[in-house]
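The figures that follow rest on heavy atoms only: side chains count, while hydrogens, waters and symmetry mates do not.
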Amino acid sequence: MKITFYGHNTLLIEVNHINVLIDPFISGNPLSKDKVDINTIKTDYILLTHAHQDHILDAEAIAKKNDATIVSNYEIAMYYQNLGIEVHPMNHGGNCSFNFGKVKYVNAIHTSSFPDGTYGGQPGGFVIEGEHKTIYIAGDTALTMDMKLIPMNTKLDLAILPIGDNFTMGIDDAIIASDFIACDKVLGVHYDTFGYIEIDHDEAKRKFFEKDKDLMLLGIGESIEL
């Protein structure tokens, strides 16, 4: 499983020879718009955690160019189905097996609406199993006790957690979240994109290190392999 970071909460996951794109926000991201061309992205699926612009901005264009399937909650899926895009609706607690692996849609605490005001359902995260690895993509969320349910069903190899604070968890809550989900290997996302969520990278890594945890902060376009 290969994971490439495109800024904010945007990730491209290559698993079982299938590409899965998460929360595409590139063309409007000041940190990535000059480094990543959305027209060059190849993907088979697009997973959306919620409907805010900084998670769905490029979803329509990339989905149509790639004939990709959008996977999200029912309300988001129906929104894109009405635009002529292939969709797969899910909802909280549900599992589904795809040709790249198994996906579970899990709880998140946040808000969710499209830029035009359309209701975007309730936000969520994803637990993805593939190539004998399991990752948790938290999406935009506060720290929540529901996270403790995840390790009751699966052992995580990586947690992808928001760390920018203000709109989501910050560093300290993300450390607690890693305890709740029983995963000490964390890829940080949702930071530095806007002034509200700028972080001190060295301090963030130090805090995780002091708790015997590994926080990875990738540059845009950088990848890790599990």
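The structure places CD1 of Ile38 at 5.0 Å from OG of Ser27, a figure rounded to the nearest 0.5 Å. For the atom pair Thr10 OG1 and Ile26 CD1, the distance stands at 5.0 Å (nearest 0.5 Å). A distance of 9.0 Å separates CG in Leu57 from CG in Asp54, rounded to the nearest 0.5 Å. Within the model, atoms OG of Ser178 and NZ of Lys211 stand 10.0 Å from one another, a figure rounded to the nearest 0.5 Å. To the nearest 0.5 Å, atoms OH (Tyr74) and CD (Gln122) are separated by 15.5 Å. Between the NZ atom of Lys185 and the CG atom of Leu187 there is a distance of 10.0 Å, given to the nearest 0.5 Å.
With contacts defined as side-chain heavy-atom distances shorter than 4.5 Å, the pair Ser72/Val87 does not qualify. A 4.5 Å side-chain heavy-atom check between Thr111 and Pro123 finds every atom pair outside the cut-off. With contacts defined as side-chain heavy-atom distances shorter than 4.5 Å, the pair Asn66/Asp44 does not qualify. Side chains of Tyr136 and Ile160 form no contact here, defined as non-hydrogen atoms less than 4.5 Å apart. By the 4.5 Å heavy-atom criterion applied to side chains, Ile199 and Ile163 are counted as neighbours. Contact of the Leu47 side chain with the Asp23 side chain is not registered, since no non-hydrogen atoms from C-beta on lie closer than 4.5 Å. At least one side-chain heavy atom of Lys205 sits less than 4.5 Å from a side-chain heavy atom of Leu217. Ile171 places none of its side-chain heavy atoms less than 4.5 Å from the side chain of Glu203.
For His55 and Phe25, the ring centers are positioned 6.0 Å apart or more. Annotation: Tyr45 is not in aromatic contact with His88 [ring centroid separation under 6.0 Å not met].
The two residues Gly125 and Ala108 have their closest heavy-atom pair at N-CB, 4.3 Å. Across Met147 and Ala142, no two heavy atoms sit closer than the pair CE-O, 3.7 Å. Considering every non-hydrogen atom in both Leu161 and Met169, the closest pair reads CB-CE, 4.1 Å. The two atoms that bring Ser112 and Gly120 nearest to each other are OG-O, 3.0 Å, heavy atoms only. When all heavy atoms are compared, the tightest approach of Asp173 to Leu143 is O-CD1, 3.6 Å.
Using a cut-off of 4.0 Å between Lys/Arg side-chain N and Asp/Glu carboxylate O, Lys207 and Asp172 are scored as salt-bridged. A salt bridge does not link Glu129 to Lys133: none of the charged nitrogens lies less than 4.0 Å from a carboxylate oxygen.
Atom NZ of Lys213 is surrounded by more than 12 heavy atoms from other residues, nucleotides or ligands within 6.0 Å. Atom OH of Tyr119 sits in a crowded spot, with more than 12 heavy atoms from other residues, nucleotides or ligands closer than 6.0 Å. Other residues, nucleotides and ligands contribute over 12 non-hydrogen atoms within 6.0 Å of the NZ atom of Lys64.
One N or O on the side chain of Asp157 and one on the backbone of Thr134 form a donor-acceptor pair closer than 3.5 Å. A donor-acceptor distance shorter than 3.5 angstrom exists from the side chain of Asn73 to the backbone of Glu75, with no hydrogens or angles considered. With hydrogens and angles disregarded, a donor-acceptor distance shorter than 3.5 Å links the side chain of Glu222 to the backbone of Gly219. With Thr154 contributing its side chain and Pro151 its backbone, the two residues share no donor-acceptor pair below 3.5 Å. Using modelled atom types, no side-chain atom of Thr168 and backbone atom of Thr141 make a donor-acceptor pair closer than 3.5 Å.
Taking the six-membered ring where the residue is Trp, His110 and His50 present perpendicular rings, their angle passing 60° and hence far from 30°. Ring geometry, His190 versus His8: the interplanar angle falls from 30° to 60°, so the pair is classed tilted.
Transitive grouping of hydrophobic side chains (ILVMFWY, heavy atoms separated by less than 4.5 Å) brings Tyr105 and Met145 into a common cluster.
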Evaluate ring-ring contact (aromatic ring centres under 6.0 Å, His included) for Phe98 paired with Phe100, printing each intermediate quantity in order.
-> CA-CA 5 Å; Phe98 296 87; Phe100 61 86; 5.4 Å; yes
